[in-house]
Student: 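Got a structure here, written out as structure tokens. Questions coming.
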Amino acid sequence: MMQRKRVGWWFFTKAKLSLNAYRNLSSSQHVILDNPNHCQVLVEGNGCSRMAILNRPSALNALNTNMAATLHKLYRSWEDNPDIGFVMMKGSGRAFAAGGDIVALYHLINKGNMEACKEFFRTAYSFMYLIGTYLKPHVALLNGITMGGGAGVSIPGTFRVATDKTIFATPEVHIGFHPDAAASFYLSHLPGHLGEYLALTGEKLNGVEMVTCGLATHYSSSAKLPLIEEQLGKLVTDDPSVIEATLEHYGDLAQPDSSSVLQRIEILDKCFCHDTVEEIVDAMENAASETKDAWCISTLNRLKEASPLSLKVALRSIREGRFQTLDQCLVREYRMTLQAIHRKISGDISEGVRARVVDKDFAPKWDPPTLENVSQDMVDQYFFPLSEAEPDLELPTKSREAFL
């Protein structure tokens, strides 16, 4: 029996699990579970490893409740199976995962079906916590669009392989929402104030930029991925150093080009270090006026296009996340999410999704419409504890004795 080891970014401890379902998924062919919804998550693998495949290519593998629940059951059973040493995840088609299924959520919110919305976020956030506390090495192959919830089910894990096709972003402020799915944890731990920049602008990073700033652990040409998968599938190990050696052997060296935001860290930090969104916008306006630099002008425009309320909520979330653990961030993000979907403070999430994804007129009418109209009380309400009638997100406690 292979010895279990803690791997990944964060040290947590392991609880005794009693799940036996899915324990014998060992065929090297795709496995489709009995429920027809399960075809949205396929399984490959034999021997020592398993591969979960997100399989909604027509929707860019956007996550829904059924997918999150299926992944959670699979991963718990694999964690408890002593014959499985490590786990991998990839997406079908041109995306790893573009996030949560915001169109489905939009319709649920407009119908007032809050319970279905809450079930999705509870299920998805719980699975992200499982990834971040997983006791076996986890390899995510980020070959394509990796945004929002797609980042949430990959970045908390041990290894993240970016490619020349990887596109990362947390664009939630442009749909009247806030960076969630553990974003307030991992963005807040990026160098300097890069996390604030990504959260407030929703700008994209490519695969080279991801590995340079630490969001990814390895970079490889997408043409090499079949070979990487083949070699990983031959390993009989639960040792992260053995897996890492394979990833490094097939990895490529690359540096961000001259147009990369990572070449502008000095001015980025100077502008995004401020305490308020208003000060950040003023700093960017001054920089754009003084330099006439295209990046400064583009960044300023991105800030002005976003929901003013979302900007203020997102900045506070990232700043709080810098001093919180993964579980604390997820619990807080769940509270914030419930405030957003209930639309008692603002209906920006419905308006943002309508304007950018449903009607695609790209002309959202934000409420409040400007930063100066966003009160401190409105922002504070996103961070209040939930009422007794609205239970918090419950995440499992992992037993230290089980880890030892």
Student: Could you go step by step and tell me if N301 and E305 meet the side chain to side chain donor-acceptor pair (under 3.5 Å) rule?
Tutor: CA-CA 6 Å; N301 289 337; E305 291 168 358; 5.9 Å; no
Student: Restricting to side chain to side chain contact (heavy atoms under 4.5 Å, CB included), what partner residues turn up for S260, sequence neighbours left out?
Tutor: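 S260 satisfies side chain to side chain contact (heavy atoms under 4.5 Å, CB included) with E209, P256, D257, L262, Q263 only.
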Student: For G157, does its backbone N or O pair with a side-chain atom of R160 as donor and acceptor, under 3.5 Å?
Tutor: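 Side chain of R160 to backbone of G157, a donor-acceptor pair under 3.5 Å: yes, one is there.
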Student: For the residue pair L194 and L268, establish whether any side-chain heavy-atom pair is separated by less than 4.5 Å.
Tutor: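 Yes, side chains in contact.
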Student: Do the side chains of I155 and F185 get nearer than 4.5 Å, heavy atoms only?
Tutor: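 The answer is no, as the side chains (C-beta and beyond) never meet within the 4.5 Å cut-off.
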Student: Just checking, is any N or O donor in the side chain of N66 or Q40 under 3.5 Å from an acceptor N or O on the other one?
Tutor: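 No.
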Student: So do Y106 and V358 actually touch side chain to side chain, heavy atoms under 4.5 Å?
Tutor: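 They are in side-chain contact.
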Student: Of all heavy-atom pairs between L371 and E278, which one has the smallest distance, and what is that distance?
Tutor: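 Closest approach of L371 to E278, heavy atoms only: O-OE2, 3.8 Å.
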Student: Mark yes or no for whether Q339, through its side chain, and Q381, through its backbone, hold a donor-acceptor pair below 3.5 Å.
Tutor: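 The answer is yes, because a donor-acceptor pair under 3.5 Å joins these two groups.
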Student: Let me have the donor-acceptor pairs involving side chains of residues 228-236, under 3.5 Å, with sequence neighbours excluded, atom names and distances please.
Tutor:
{"residue": "E229", "atom": "OE1", "partner": "K90", "partner atom": "NZ", "Å": "2.9"}
{"residue": "E229", "atom": "OE2", "partner": "K90", "partner atom": "NZ", "Å": "3.4"}

Student: Please give me the minimum heavy-atom distance between C271 and A287, naming the atom from each residue.
Tutor: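 Distance-wise, the nearest heavy atoms are SG-CB, 4.2 Å.
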Student: Does any N or O in the side chain of D367 come within less than 3.5 Å of the main-chain N or O of S346, such that one atom is a donor and the other an acceptor?
Tutor: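 A pair under 3.5 Å: no.
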Student: Please find the pair of heavy atoms, one from A95 and one from L60, that lie closest to each other, and give the distance.
Tutor: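 What the structure gives for the nearest pair is CB-O, 3.5 Å.
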Student: Any ring pair (Phe, Tyr, Trp, His ring centres under 6.0 Å) pairs touching residues 335-362, not counting sequence neighbours?
Tutor: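 Checked against ring pair (Phe, Tyr, Trp, His ring centres under 6.0 Å) - neighbours excluded - no pair reaches residues 335-362.
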Student: Residues two or more places apart in sequence or in another chain: which of them pass side chain to side chain donor-acceptor pair (under 3.5 Å) with S92?
Tutor: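 S92 satisfies side chain to side chain donor-acceptor pair (under 3.5 Å) with N55 only.
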Student: What residues form a ring-ring contact (aromatic ring centres under 6.0 Å, His included) with W295, not counting sequence neighbours?
Tutor: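 Once residues adjacent in sequence are excluded, the partners of W295 under the ring-ring contact (aromatic ring centres under 6.0 Å, His included) criterion are Y197.
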Student: Ignoring hydrogens and geometry beyond distance, is a side-chain donor-acceptor pair present between H178 and T337 at under 3.5 Å?
Tutor: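 Yes, side-chain donor-acceptor contact under 3.5 Å.
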Student: Regarding E390 and S387, do their side chains bring together a donor and an acceptor under 3.5 Å, going by distance alone?
Tutor: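 Not at all, the side chains of E390 and S387 share no donor-acceptor pair under 3.5 Å.
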Student: Do the side chain of D252 and the main chain of S221 share a donor and acceptor less than 3.5 angstrom apart?
Tutor: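 Yes; at least one donor-acceptor contact below 3.5 Å.
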Student: So, the side chain of R302 versus the backbone of T201: is there a donor-acceptor pair under 3.5 Å, distance only?
Tutor: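 Yes; at least one donor-acceptor contact below 3.5 Å.
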Student: Under 30°, 30 to 60°, or over 60°: which ring-plane class applies to Y75 and W78, parallel, tilted or perpendicular?
Tutor: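 Rings of Y75 and W78: tilted, 30 to 60°.
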Student: Is there side-chain contact between S126 and L130, with heavy atoms separated by less than 4.5 Å?
Tutor: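 Side chain of S126 against side chain of L130, heavy atoms only: no contact under 4.5 Å found.
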Student: Which atom pair, heavy atoms only, marks the closest approach of Y186 to G148?
Tutor: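 The pair with the smallest heavy-atom distance is OH-O, 4.4 Å.
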Student: Counting C-beta onward and ignoring hydrogens, is there a side-chain heavy-atom pair between N206 and M210 closer than 4.5 Å?
Tutor: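 Contact flag for N206/M210 side chains = no.
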Student: Under the salt bridge (charged side-chain N to carboxylate O under 4.0 Å, His left out) rule, what pairs show up with a residue in residues 344-357, not counting sequence neighbours?
Tutor: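 Those involving residues 344-357 are E351-R354, R354-D359, R354-D361.
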Student: Mind running salt bridge (Lys or Arg N to Asp or Glu O under 4.0 Å) on K118 and E115 for me, showing each step along the way?
Tutor: CA-CA 5 Å; K118 288 186 283 187; E115 287 307 313; 2.9 Å; yes
Student: Would you list the pairs meeting salt bridge (charged side-chain N to carboxylate O under 4.0 Å, His left out) in which at least one residue belongs to residues 328-338, sequence neighbours left out?
Tutor: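 Output for this query lists E320-R332, R335-D392.
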Student: Return yes when atom CD of E372 has more than 12 non-hydrogen atoms of other residues, nucleotides or ligands closer than 6.0 Å, and no otherwise.
Tutor: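 Yes.
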Student: Can you list the residues that meet the ring-ring contact (aromatic ring centres under 6.0 Å, His included) rule with Y125, with sequence neighbours excluded?
Tutor: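 By the ring-ring contact (aromatic ring centres under 6.0 Å, His included) rule, Y125 matches F121.
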Student: Output, in order, the C-alpha distance, side-chain angles, deciding distance and verdict of side chain to side chain contact (heavy atoms under 4.5 Å, CB included) for M128 and I131.
Tutor: CA-CA 5 Å; M128 293 162 193; I131 291 290; 5.6 Å; no
Student: Judged by atom type as modelled, is there a donor-acceptor pair below 3.5 Å linking the side chain of K165 to the main-chain atoms of S222?
Tutor: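 Here the side-chain-to-backbone pair does not exist.
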Student: For V87, is there any backbone N or O sitting under 3.5 Å from a side-chain donor or acceptor partner on K136?
Tutor: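 Checking the backbone N and O of V87 against the side chain of K136, no donor-acceptor pair under 3.5 Å is found.
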Student: Can you check whether E172 reaches S310 side chain to side chain, under 4.5 Å on heavy atoms?
Tutor: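 No, every pair of side-chain atoms sits at 4.5 Å or beyond.
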Student: Indicate yes or no: at least one non-hydrogen side-chain atom of S154 is less than 4.5 angstrom from one of M89.
Tutor: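 A side-chain contact under 4.5 Å is absent here.
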Student: What residues form a side chain to side chain donor-acceptor pair (under 3.5 Å) with H193, not counting sequence neighbours?
Tutor: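 If we apply the side chain to side chain donor-acceptor pair (under 3.5 Å) test to H193, skipping adjacent residues, the hits are E196.
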Student: With D293, which residues qualify under side chain to side chain donor-acceptor pair (under 3.5 Å), at least two apart?
Tutor: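 Once residues adjacent in sequence are excluded, D293 has no partner under the side chain to side chain donor-acceptor pair (under 3.5 Å) criterion.
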Student: Suppose we screen for side chain to side chain donor-acceptor pair (under 3.5 Å). Which residues come up paired with S58, at least two apart in sequence or across chains?
Tutor: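 If we apply the side chain to side chain donor-acceptor pair (under 3.5 Å) test to S58, skipping adjacent residues, there are no hits.
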Student: Should the heavy atoms of other residues, nucleotides or ligands under 6.0 Å from NZ of K224 be counted, would the total exceed 12?
Tutor: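 Yes, enclosed.
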Student: Between T163 and L142, does a side chain to side chain contact (heavy atoms under 4.5 Å, CB included) hold up when you go through it step by step?
Tutor: CA-CA 7 Å; T163 76; L142 310 179; over 6 Å; no
Student: Given side chains that start at C-beta, do those of L326 and L330 come closer than 4.5 Å, heavy atoms only?
Tutor: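 A side-chain contact exists here, since the closest heavy-atom pair is under 4.5 Å.
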Student: Mark yes or no for whether D101, through its side chain, and N64, through its backbone, hold a donor-acceptor pair below 3.5 Å.
Tutor: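 Pair absent, no side-chain N/O of D101 close to backbone of N64.
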Student: State, to 0.1 Å, how close F96 and L141 come at their nearest heavy-atom pair, and which atoms those are.
Tutor: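 Smallest heavy-atom distance, with atoms named: CD1-O, 3.4 Å.
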Student: Determine whether more than 12 heavy atoms belonging to other residues, nucleotides or ligands lie under 6.0 Å from atom CZ of R319.
Tutor: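 Enclosed: over 12 neighbouring heavy atoms sit under 6.0 Å from CZ of R319.
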Student: Salt-bridge test for E79 and R76: reply yes if a basic N is under 4.0 Å from a carboxylate O, no otherwise.
Tutor: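 Salt bridge flag = no for R76 with E79.
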Student: Say whether, by atom type as modelled, one donor and one acceptor occur between the side chain of T158 and the main chain of H138 under 3.5 angstrom.
Tutor: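 Yes, T158 side chain to H138 backbone: donor-acceptor pair under 3.5 Å.
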Student: Identify the heavy atoms of P391 and Y334 that sit nearest to each other, and give their distance.
Tutor: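 It is O-CE2, 3.8 Å.
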Student: Nearest 0.5 Å, please: how far is CG in L309 from CG in N373?
Tutor: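 Reported to 0.5 Å precision, the distance equals 11.0 Å.
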Student: Is there a side chain to side chain contact (heavy atoms under 4.5 Å, CB included) between F168 and L215? Walk through the geometry before answering.
Tutor: CA-CA 9 Å; F168 165 86; L215 286 171; 3.6 Å; yes
Student: Start with the C-alpha gap between D327 and L393, add the side-chain angles, then the distance that decides, and say whether side chain to side chain contact (heavy atoms under 4.5 Å, CB included) holds.
Tutor: CA-CA 10 Å; D327 57 333; L393 176 68; over 6 Å; no
Student: Which pairs pass ring pair (Phe, Tyr, Trp, His ring centres under 6.0 Å) with one or both residues in residues 206-258, sequence neighbours excluded?
Tutor: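 For residues 206-258, and leaving out neighbouring residues, the ring pair (Phe, Tyr, Trp, His ring centres under 6.0 Å) pairs sorted by first residue read F159-H218.
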Student: Would you say that more than 12 heavy atoms from the other residues, nucleotides or ligands in this model lie under 6.0 Å from the CD of Q255, or not?
Tutor: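 No, CD of Q255 has 12 or fewer neighbouring heavy atoms, counting only those of other groups under 6.0 Å.
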Student: For the OG1 atom of T65 and the CE atom of M67, what is their distance to the nearest 0.5 Å?
Tutor: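 Atom-to-atom, T65:OG1 and M67:CE are 11.0 Å apart.
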Student: With no hydrogens and no angle check, is any side-chain donor or acceptor of S298 less than 3.5 Å from a backbone partner on A294?
Tutor: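 No; judged by distance alone, with no hydrogens or angles, the pair does not exist.
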